[in-house]
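Accompanying notes for the structure given below.
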Amino acid sequence: MAVRGQDIASVIKRQIEEFGGELTMVDVGTVVEAADGVATIHGLSDVSYTELLQFPNDTIGMALNLEEDSVGAVILGEYTHIKEGDEVRSTGRIAEVPVGEGLIGRVLDSLGRPLDGRGPVESSASLAVERLAPNVVVRKSVDSPLQFGIKAIDGLIPVGRGQRELVIGDRNTGKTSVCIDAIINQKETDVICIYVGIGQKVGKVAQVAQTLRDHGAMDHTIVVAANASDPAPLQYLAPYAGAAMGEYFMDQGRDVLIIYDDLTKHAWAYRQMSLLLRRPPGREAYPGDVFYLHSRLLERSARLDDEHGGGSITALPIIETQAGDVSAYVPTNVISITDGQIYLEPELFNAGIRPALNAGLSVSRVGSAAQRRAMRSVAGRLKLEMAQFRELAAFAQFGTSDLDVSTRNQLERGQRMTEILKQTELSPLTMEQQVSIFFLGTNGDLDDVPISNIQEFESGWHEYTAANIPDVLGAIAESGELSDESQTKLSAAAAAFKQTVSYAE
């Protein structure tokens, strides 16, 4: 026994001699109250805003309320096991997400963790979810188009790289569909796309991801999902995480398109968190900083000047209205932050006009600066003719028998242009295809085509031009110009194509 005692003593002595551990100071606090995904902690004296906190069972929280004698934190995940008296440690890390090429093609949560079952995310860098927006000095004016492939938008409400264009409308009016078309249309470009689903059903996000895969668009897209079943803090973080992922590419001089679907649910999640953190409620129970919530997010979208790489982030925030009320609190907040809005109207949607774009309330504050010259030359006339048509249609709705010939012709031209602007989802068109059909419409080449056959004519026209005059389309695409020669060839091709089609009476 004495020998064994000596052995133990020598082992302990040797361990004491070899001990060289470094002292580390950790800020430790105690949970004094926990409920509904929010914890009040006493004792964290040196914690920072949005710093990650370590709760028991490897649960992560985030500090949001820094008060004199306590810290209010939200729990990023399951919170039912957290109780009064639990120890909480500061991590010294501000909330951050992995960034890099390895994220492309993946479905991730708000913290960059994979949701697609394809193993860990390959990333060698990370960025804070909250970053200062680029200042005015490093920004450049928006002058490069970001093509949606949707005639009504590219022609009437063009969006440029670096712009913030709000997509607004009631539920089920095609807001997400417009944005998905925009992502699919970037397939042949160098634009990286990020879809951020906030408070959506799991099935909807899965459907979006599958649609993108089916159309080969997932190869340039990152999906960030904070679903309706996820805690409010994860829904709150999701758009900022998506913005950070996009900023990595923008800093490299690349172009990014990011969709926030939707910021209404984001505001709801923030309201829920704020009320649980006992922040004073204001109008409609939102906290007073709900405006800052979205402005600091959307200000991160910009076009950098050439000295800073020339990269850009184009943002398409989505807002859901109730009964078309665009003047409600959160919608007007976001409208005032963005550079225009695409307003989708239920009445137009139910009337079969897809996309259901209200050309009167929709606007792009960048305008024709975000169009190539060929599109500008035909779209300018298109806007004018559509505006005149809307005015005439309002007067003529009570009867057309007393109208003179020129007015009746103008009404019929407007009806044809309305048909041209209709487009099925998931079928984006190239810029030169759009220019060719707009030219025919504004030039009068479709005036003898029955209104009910316009869409059938257009479908056949695109096939005909691709097969018979690819050189004209190629010249428009390459130069961005619609020359007199191209106009002549388009009109001649239209006359030849009409000889090959017949319309059922």
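Quick note: residue numbers are just sequence positions, from 1. Heavy atoms only: backbone and side chains are in, while hydrogens, waters and symmetry mates are out.
- Between the side chain of Gln341 and the backbone N or O of Leu361 there is at least one donor-acceptor pair closer than 3.5 Å.
- Once rounded to the nearest 0.5 Å, the distance linking OG1 of Thr189 with NE2 of His220 reads 6.5 Å.
- A heavy-atom distance below 4.5 Å is not found between the side chains of Asn409 and Asp447.
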Query raised in the report: Can Asp219 and Lys187 be said to form a side-chain contact (heavy atoms from CB on, under 4.5 Å), step by step?
Result: CA-CA 8 Å; Asp219 296 337; Lys187 194 162 56 171; over 6 Å; no
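- Within the 4.5 Å cutoff, no side-chain heavy atoms of His308 are placed close to those of Asp251.
- No more than 12 heavy-atom neighbours from other residues, nucleotides or ligands sit within 6.0 angstrom of OH on Tyr292.
- There is a side-chain donor-acceptor pair under 3.5 Å between Gln434 and Asp154.
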Report task. Starting from the C-alpha separation in whole Å, work towards a yes-or-no answer on side-chain contact (heavy atoms from CB on, under 4.5 Å) for Thr264 and Val334. Result -> CA-CA 10 Å; Thr264 302; Val334 184; over 6 Å; no
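- A distance of 9.0 Å separates CD1 of Ile194 from OG1 of Thr221, quoted to the nearest 0.5 Å.
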Show me the donor-acceptor pairs within less than 3.5 Å that the side chains of residues 223-236 make with the rest of the protein, sequence neighbours left out.
from	atom 1	to	atom 2	distance (Å)
Asp230	OD2	Asn227	N	2.8
Gln235	NE2	Asn227	O	3.4
Gln235	NE2	Asp230	O	3.0
Tyr236	OH	Glu130	OE2	3.4
Tyr236	OH	Arg296	NH2	2.9

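- Using a 4.0 Å cut-off between charged nitrogen and carboxylate oxygen, Glu412 and Arg416 count as a salt-bridge pair.
- Here the side chains of Asn453 and Glu419 are not in contact, with every heavy-atom distance at 4.5 Å or above.
- Between Leu348 and Leu357, every side-chain heavy-atom pair lies at or beyond the 4.5 Å cut-off.
- For the residue pair Asp143 / Ser141, no side-chain donor-acceptor distance below 3.5 Å is found, with atom types taken as modelled.
- Between Tyr260 and Ala243, the closest heavy-atom pair is OH-CB, 3.7 Å.
- When side chains are defined from C-beta on, Ile180 counts as touching Thr211, because their heavy atoms get closer than 4.5 Å.
- Listed by first and then second residue, the side-chain hydrogen bond (donor to acceptor under 3.5 Å, both in side chains) pairs involving residues 363-387 are Gln163-Ser364, Arg373-Glu481, Glu385-Arg413 (not counting sequence neighbours).
- By the 4.0 Å N-to-carboxylate-O rule, Asp255 lies too far from Arg303 to be salt-bridged with it.
- Residues Arg131 and Glu247 are paired through a salt bridge, judged by an N-O separation under 4.0 Å between the basic side chain and the carboxylate.
- Using a 4.5 Å heavy-atom threshold, the side chains of Ser491 and Asn443 count as touching.
- With ring centers used as reference points, Tyr240 lies under 6.0 Å from His266.
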Requested in this report: Show your reasoning for whether salt bridge (Lys or Arg N to Asp or Glu O under 4.0 Å) applies to Arg354 and Asp181.
Outcome: CA-CA 13 Å; Arg354 315 283 171 83; Asp181 277 8; over 6 Å; no
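- Counting heavy atoms from C-beta outward, Val330 and Leu263 have side chains that stay 4.5 Å or more apart.
- Rounding to the nearest 0.5 Å places OG of Ser144 at 6.5 Å from CZ of Arg161.
- Tyr195 OH to Ile259 CD1: the interatomic distance, rounded to the nearest 0.5 Å, is 8.5 Å.
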Report task. Might you work through the side-chain contact (heavy atoms from CB on, under 4.5 Å) test for His462 and Leu429, ending with a clear yes or no? Result -> CA-CA 9 Å; His462 292 315; Leu429 296 174; 3.8 Å; yes
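- Just one of Lys151, Gln433, Gln423, Lys422 meets the side-chain hydrogen bond (donor to acceptor under 3.5 Å, both in side chains) condition when paired with Glu458; it is Lys151.
- Within a 6.0 Å sphere centred on CZ of Arg213, heavy atoms belonging to other residues, nucleotides or ligands number more than 12.
- Leu298 approaches Pro317 most closely through the heavy-atom pair CD2-CG, 3.9 Å.
- In this structure, Arg271 forms a cation-pi arrangement with Tyr286, its terminal cationic atom sitting closer than 6.0 Å to the ring centre and no more than 45° off the ring axis.
- Looking at Ser312 and Lys140, their side chains never bring a donor and an acceptor atom within 3.5 Å of each other.
- Nearest heavy atoms, Leu446 versus Ile420: CD1-CD1, 3.4 Å.
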Report task. Would you please test Met417 and Phe389 for side-chain contact (heavy atoms from CB on, under 4.5 Å) and show each step? Result -> CA-CA 9 Å; Met417 297 310 296; Phe389 166 67; over 6 Å; no
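- Heavy-atom minimum distance, Leu108 versus Pro114: CD2-CA, 3.9 Å.
- Counted by atom type alone, Thr407 and Asp404 present one or more donor-acceptor pairs between their side chains at under 3.5 Å.
- Between the side chains of Asp325 and Gln322, no donor-acceptor pair is found at a separation under 3.5 Å.
- No side-chain heavy atom of Pro158 sits less than 4.5 Å from a side-chain heavy atom of Phe148.
- For the 3.5 Å distance criterion, the side chains of Gln388 and Gln410 qualify, holding a donor opposite an acceptor.
- The CZ atom of Phe457 sits 8.0 Å away from atom CG of Asp445, with the distance rounded to the nearest 0.5 Å.
- Under 4.0 Å is where a charged nitrogen must lie from a carboxylate oxygen, and between Asp261 and Lys175 no such pair does.
- The two atoms that bring Leu473 and Ala466 nearest to each other are CD1-N, 4.2 Å, heavy atoms only.
- A distance of 6.0 Å separates NE2 of His294 from CD1 of Ile319, quoted to the nearest 0.5 Å.
- With respect to the salt-bridge test (charged N to carboxylate O, under 4.0 angstrom), the residues Glu101 and Arg106 do not qualify.
- Nearest heavy-atom pair across Gly162 and Thr314 is N-OG1, 2.8 Å.
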